[in-house]
Amino acid sequence: MKKSSLFLCSMCAFAVAMTCGASGRANALDYGSLESLFGEPVTTNATGTPQRASEVAANMTIITADQIHRSGSRDIPEIIGQYVSGVDVLRTSLGNSDVGVRGHQMVFQSRLLVLIDGRQVFIDDYSRTVWNNLPVNIDDIRQIEVVKGPASALFGSNAASGVVNIITYSPVSDNNNVAAVSLGTQRSMTGDATVTKNGTWGGTKFSAGGLSADEFKTGHAANDSSIIYSPERRFASNSSVFNLTPDLTGNVELTASESKQNVALSAFNSVGAERTTTYSVRGGFNWQTNYGLITSDTYVNHTYDTIYSSLSSIIPFGMTTDLLVSNLNDQFKIGSDHTFRTGLEYRHKDFRLTAYQIAAGSPSSHEDNYAASGTWLWQIADNLSLTNAVRFDHLDMNVTGEIPAVTMFSASDYSHAINTWSANSALAYKLTDLDTVRLSYGRGVQMPSLLQSGSNFHTLNGGVPVSLEGSGDLKPTITQSYEVAYDRKIAPIFSTAKVATFYIMSQDVTAFVNNGMQTVNGSVVDLIKAENMGESQSYGGEIALTGNHNGFRWDASYSLARVIDSATVLANQAYQGSSPEHHFRFGLGYTYKEWEFDANSQVMSSTKMLRDATGAGAIPISVSEYMTVGARIGYNLMDNLNVAVSGNNLNRNIIGTSPYPAIERQAFVTLTGKF
Amino acid sequence: MKRVFLTRLLVCAGFLALVCGMAPSAQAVDQADLMVALKTTPLLTNKLSGSAVMAVVFDPADPASKAEADSLKALLDAGVDAPGGVKISGLMVPVAEAGSKLSMAKLAFITKGACSDAVSSAANAAGLLSMSTDLDCVKSNKCILGIVTKPSVTIYYSKTAADAAKVGFAQAFTMLAKQI
């Protein structure tokens, strides 16, 4: 679909949505009022309907704005890694990280869906998240919700091992006006600001900010090239909510973001430089009716991404990805014990390799995805609840444009349909007011990335012809998860303990496989082709204790994640060993009058990841166990002005955390003002 | 590395042992109930603004009801704001005067022992948000919200009573409340 028709489609969908809503009434989720009332965060991320954090039917951690403030970091993956057990952060450069859940770590993480206020910021080209490109002010985040386990039944494909939903302050029910500047080592400078204006008519919020820094000066491998020495980020966003009637609100959102960072590339296992530009337009409504809370959300994401170099002599290439999502949901109660959510969703994706890089032609790929979903919460008794969610997806795919002559596939091979379903079920039993047991099952779907399913390009690597071919016959990866969890409040020590064990089976794992020199249509090429490879299993668990009292706060956890790959998966993707089997986290903080003291430490066991350091092919590289220490001291100069000194990796100048370039100690001074 | 683990574990254990000995601070039940009750007001479809009167409905013949009302009135007289900076003032309303006085209020706190059909009818006629810690009053659909604050906040909600008084809430709130 051409850009203009995509735009037209989105505008039509938005117009239809607004027309439907104009005859009725609306109400948005007021996180602040609900959190204040119930004394704990509220989320819709587990079931699509509002739930209290202590009652969610999923393994979820909510990182609050206060925790973000005290983390001493302005980097979202680092904050997640600091507070969420069972999550590992793979940092491959100053501006790039990947977040893995329960053992399945990889560069260009495909299994974790990332959203901002429910809008997908996960990019479908490689299926990954460019965290450095997120158009969000860290001081405008109300909470970060991290769900461990498949959640495709609610969010669609790519929520195969979890979801991160970043919830920002509401322009209408919050009044967040904040500005912050931060200076630090690596000549880092960040500046972010949010201004909110609201009234009875609704509210609008502007955020803008950026980062400039010098890349870590730790050594790169011979096969890494075109390194960006000054990673950066710029973003701007506007979000508005209009109170059209007491029961109807409409919302509009615009974002723009540009970033440069060094990234570890999947398929090549080397470091390249990347420039990413994203724009998004969004509109929707919340309409409170006698038939329930009807919500509609439509958005378009446009992403242009240039990989300056993947291998030392491959010509740089660019990718354009357009995503249109339009959905309609209804949440309603029947009687006092049954809460339902029903939803319809349409997704359209366009993907094309662009610009100056292609030695031969390259097709554009297109996907149309139709989905129907539903959730049913049954409060069987005061202490027993059952949650079920299911989603059916039908996906049509095709390619247009020139297919390179040297390829295994024709255009018809890429025209195909996939029908699949995902599900979640959770039984929660409150043994007493203090403890809850939860049994849960999840079936998640991870669709092949657009590169894996529809790309086809032919280029040169040091004079050797390379054919990188997506496969039209790929099956989605199906992830099934079984979990038993137990939460207990321990009043005498003002703490909550959480224990969980899990078993995860992923079938039809997909990755690019380097088949070496092959004869294709009479030409000899280095054939890199996307393939379904087999299974990967993991098991383990987490135990965590968090609490606070009299100004003190503490947080400790241990997580175990053991992964067992089939032979083909181990050779080509290697989840096994990609993240530490053992991960300890400790955090301790204290607030005294105007002072805030916080410290954290993490200890990770050894890992072994695939890495192509020399250009001779990817081999497993071992990384020894390591420890990191972070700390923050903050002081409130005035009611609305805070200064803080913070740092991470304080225990060593340089720490090798992965086979990619080591990371350096970082320290910052941050001034934050609220007005 | 094992020594590092052990050191940190011991520090944590020591710290937890330290905080074990600390006692939780006590809080007056009525005050907690009142504050939670007021925190429901931003979730009304027709939000309060400026200032609002909270009627404290009591039965003069019931000492417990009267005592609860006196306690609430004292808290309100000390100066209480609902979220959004809405100034709340208290108005003592004996059950016998509910029909004539409730129309002066936006909110009604029905004390235990003061729940009756007459009070419910007067509250409905005035279209005000009625609240109580008396869950039986909510269960009999004579009051819209039941407030429980211990061990954790739980809100009980009578849709029948809300419909009768034409009081609407954000649906997210009614999904989080326990509907009777």
Side-chain angles (χ1 to χ4, degrees), chain A residues 25 27-34 36-40 42 44 49-52 54-55 173 200 246-247 286 288-289 292-293 331-333 335-337 339 377 379 382 433-434 489-495 545 547-550 552 554-556 558 584 586 588 601 603 605 624-627, chain B residues 1-2 4-5 7-9 11-25 32 35-47 49 82-85 139 145 147 149-160 163 168-180:
Chain A
R25 313 178 297 165
N27 192 25
L29 185 63
D30 182 350
Y31 284 92
S33 295
L34 292 168
S36 173
L37 172 61
F38 290 106
E40 60 180 317
V42 169
T44 62
T49 57
Q51 289 186 297
R52 297 165 66 160
S54 63
E55 296 177 355
S173 54
T200 53
D247 289 332
N286 290 269
Q288 186 163 295
T289 74
L293 178 60
Q331 302 167 40
F332 55 94
K333 257 183 153 171
S336 58
D337 300 328
T339 304
L377 281 77
Q379 194 67 42
D382 273 351
D433 282 338
L434 299 176
K489 289 178 187 165
I490 309 173
I493 57 169
F494 313 100
S495 297
L545 185 79
N548 64 80
H549 184 66
N550 271 1
F552 285 97
W554 52 92
D555 178 7
Y558 163 71
F584 296 85
F586 303 95
L588 189 62
S601 178
V603 180
S605 62
S624 300
E625 63 198 16
Y626 67 94
M627 181 176 82
Chain B
M1 193 172 73
K2 283 180 180 168
V4 175
F5 288 157
T7 306
R8 274 157 181 74
L9 285 171
V11 169
C12 287
F15 179 72
L16 293 177
L18 181 71
V19 297
C20 270
M22 301 172 185
S25 59
M35 295 318 295
V36 167
L38 293 176
K39 285 177 179 177
T40 64
T41 58
L43 300 157
L44 286 164
T45 308
N46 292 312
K47 293 179 172 55
S49 61
K139 287 175 184 169
L145 297 181
I147 309 293
T149 54
K150 295 280 190 291
S152 58
V153 172
T154 306
I155 307 294
Y156 291 84
Y157 166 63
S158 167
K159 187 173 185 306
T160 305
D163 289 346
F169 292 96
Q171 272 179 341
F173 168 70
T174 61
M175 287 180 185
L176 288 164
K178 292 192 182 299
Q179 193 170 317
I180 290 174

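Below, read A as the first sequence line, B as the second, and so on, with proteins coming before strands; counting in each chain starts at 1. Just the heavy atoms: all of them, side chains too, but no hydrogens, waters or symmetry mates, feed the values below.
- A distance of 5.5 Å separates CG of Asp382(A) from NZ of Lys178(B), quoted to the nearest 0.5 Å.
- Under the side chain to side chain contact (heavy atoms under 4.5 Å, CB included) rule, Phe173(B) has a single partner from Leu37(A), Asp30(A), Val42(A), Leu29(A), which is Leu37(A).
- When all heavy atoms are compared, the tightest approach of Ala172(B) to Leu34(A) is CB-CD1, 4.2 Å.
- Ranked by heavy-atom pairs under 4.5 Å with chain B, the list Gly292(A), Gly32(A), Gly547(A), Gly39(A) is led by Gly292(A).
- Nearest heavy-atom pair across Ser33(A) and Leu43(B) is CB-CD2, 4.0 Å.
- Scored by the ring-ring contact (aromatic ring centres under 6.0 Å, His included) test, Tyr157(B) finds Phe169(B) as partners (sequence neighbours excluded).
- Counting heavy-atom pairs under 4.5 Å between each of Pro50(A), Ser54(A), Ala491(A) and chain B puts Pro50(A) at the top.
- Scanning for ring-ring contact (aromatic ring centres under 6.0 Å, His included) contacts around Tyr156(B) gives an empty result, with sequence neighbours left out.
- Separating the OG1 atom in Thr339(A) from the CD atom in Gln179(B) is a distance of 8.5 Å, to the nearest 0.5 Å.
- In this structure, the portion of Thr174(B) lying under 4.5 Å from any heavy atom of chain A is its backbone and not its side chain.
- Contacts between Ala37(B) and chain A at a heavy-atom distance below 4.5 Å are absent for every atom of the residue.
- There is no contact between Pro83(B) and chain A, counting heavy-atom distances below 4.5 Å.
- Rounded to the nearest 0.5 angstrom, Met175(B) CE and Leu293(A) CG are separated by 6.0 Å.
- Lys333(A) and Ala177(B) get closest at one heavy-atom pair: NZ-O, 3.4 Å.
- You'll find the side chain of Lys489(A) stays beyond 4.5 Å of the side chain of Pro151(B), heavy atoms only.
- Using a 4.5 Å heavy-atom cutoff, the side chains of Gln171(B) and Gln331(A) are not in contact.
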